[in-house]
Amino acid sequence: MSAILAVDGLSSGYGPVPVLRDVTFEVPTGTIAAVLGANGAGKTTLLRTLSGLLRPTAGQVRFDGADLRGVRVEALVRRGLAHVPEGRGIVAELTVEENLRLGGLWRRDRADARRAQDEVYELFEPLARRRRHAGHQLSGGERQMLALGRALIARPRLLLLDEPSLGLAPRVTAQIMALLRRLCDDTGLTVLLVEQNVRSALSVADQGVVMSLGRVVMATPAAQLREDETLRHAYLGF
Ligand code: ATP
């Protein structure tokens with residue numbers, strides 16, 4: 001299987017403060033990789049660097065074989081990379097419908113952007129019912145659906161998701177994880193999932209990428225982390 005994302009020796013940080021150090025891993029097309037690790041391990045910084053918000057100080061990111069260095073954010077979106085940031089990044093003052101339209105802003109194919117919007121309403125029925133409600137009127141679960149839905153309108157091939165389970169009831173988290181699995185299996189979407197909720201991430205992931213102090217300390221099949229208690233104790237602390 002080819003890797004849609006190949007990260008090689010990536011380092012980055014905030015100004016002079018280094019955070020990521022020599023990060024290397026690959027994500028095969030159509031799979032889910034869970035990025036795990038304690039607070040401050042650098043997971044969010046990794047997503048920010050991959051989506052072009054932070055400039056790498058060293059290393060390379062290949063997306064579908066092409067080097068991403070210097071590619072602008074909107075060009076990344078057009079190539080099929082979508083980032084749902086921590087805190088979800090929806091606009092609280094805009095309606096559900098308006099937020100979704102923002103997701104299609106860079107789409108040249110307007111007709112397909114509208115089709116994608118209808119698909120999001122089918123996928124997330126609560127959003128269809130609340131399409132004229134403002135973002136701030138939504139529940140946590142609905143906000144997460146909106147953030148995900150908005151990203152899907154760009155028809156991404158690689159979705160970078162930061163803490164989708166944050167603040168959600170376990171049932172809603174399970175629904176979102178199941179949806180991600182289905183999208184990967186049915187459409188070939190690839191997901192890089194940052195999660196504090198290690199159990200739920202490992203329940204759907206194909207691969208676990210464990211980070212500590214800005215480095216990848218292990219990248220291994222998720223099944224191994226699910227089954228091997230010693231490994232889990234050593235790297236994930238449970
Ligand atoms: P969390 O789950 O708490 O978000 P994380 O693994 O995502 O943790 P990061 O948010 O990537 O970790 O943070 C990694 C390091 O970078 C931390 O030491 C943090 O203090 C630092 N850091 C994060 N954001 C900034 C920033 N805007 N400016 C300077 N340092 C930052």
Side-chain angles (χ1 to χ4, degrees), residues 5-27 32-61 63 68-69 72-73 76 81-90 92 140-141 143-144 146-148 150-151 156 158-170 172-174 176-177 180 190-220 222 225 231-238:
L5 179 70
V7 180
D8 186 15
L10 189 69
S11 299
S12 84
Y14 301 91
V17 184
V19 177
L20 297 186
R21 295 156 202 268
D22 198 18
V23 166
T24 300
F25 66 97
E26 288 192 352
V27 187
I32 301 178
V35 181
L36 310 168
N39 281 340
K43 306 180 298 294
T44 295
T45 304
L46 173 64
L47 293 200
R48 287 191 187 138
T49 309
L50 295 178
S51 69
L53 299 175
L54 287 174
R55 200 182 287 268
T57 48
Q60 206 184 39
V61 179
F63 176 52
L68 287 191
R69 244 175 316 194
R72 290 176 32 193
V73 173
L76 288 177
L81 189 138
H83 182 189
V84 180
E86 212 172 6
R88 296 155 195 162
I90 65 168
R143 282 178 206 208
Q144 187 58 55
L146 182 55
L148 252 177
R150 189 178 64 181
L158 175 64
L159 190 58
L160 309 177
L161 267 181
D162 205 344
E163 302 274 1
S165 78
L166 203 70
L168 300 189
V172 183
T173 300
I176 285 181
M177 296 296 160
L180 293 176
T190 306
V191 177
L192 191 63
L193 173 69
V194 163
E195 262 300 337
Q196 291 283 345
N197 188 338
V198 177
R199 282 171 210 273
S200 74
L202 285 179
S203 73
V204 292
D206 298 287
Q207 182 189 184
V209 177
V210 184
M211 293 187 68
S212 174
L213 301 173
R215 295 179 189 276
V216 170
V217 290
M218 184 172 51
T220 190
L225 286 168
L231 207 61
R232 272 207 320 270
H233 273 304
Y235 288 102
L236 300 170
F238 79 98

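Ligands are counted one by one from 1 in listed order, and the atoms in each one are counted from 1 as well.
- Between the side chains of Ser12 and Thr49, at least one donor-acceptor pair of N or O atoms lies under 3.5 Å.
- The protein atom (non-hydrogen) at minimum distance from atom 30 (N) of ligand 1 is Tyr14 CD1, 3.4 Å.
- At least one N or O atom of Ala41 sits closer than 3.5 Å to an N or O atom of ligand 1.
- The shell of residues lying under 4.0 angstrom from ligand 1, judged by heavy atoms, includes Val19.
- Neither the backbone nor the side chain of Met211 has a heavy atom within less than 4.0 Å of ligand 1.
- Heavy-atom separations between Ala38 and ligand 1 include at least one value shorter than 4.0 Å.
- Within the 4.0 angstrom cut-off, atom 20 (O) of ligand 1 has no protein heavy-atom neighbours.
- Using a non-hydrogen distance threshold of 4.0 Å, Gly37 does not register as a contact of ligand 1.
- Across the listed options Glu195, Lys43, Glu86, Glu86 owns the non-hydrogen atom lying nearest to atom 4 (O) of ligand 1.
- For the residue pair Asn197 and Glu163, no side-chain donor N or O sits within less than 3.5 Å of a side-chain acceptor on the partner.
- The CZ atom of Arg143 sits 15.0 Å away from atom CG of Leu148, with the distance rounded to the nearest 0.5 Å.
- Within the 4.0 Å heavy-atom criterion, both parts of Thr45, backbone and side chain, lie near ligand 1.
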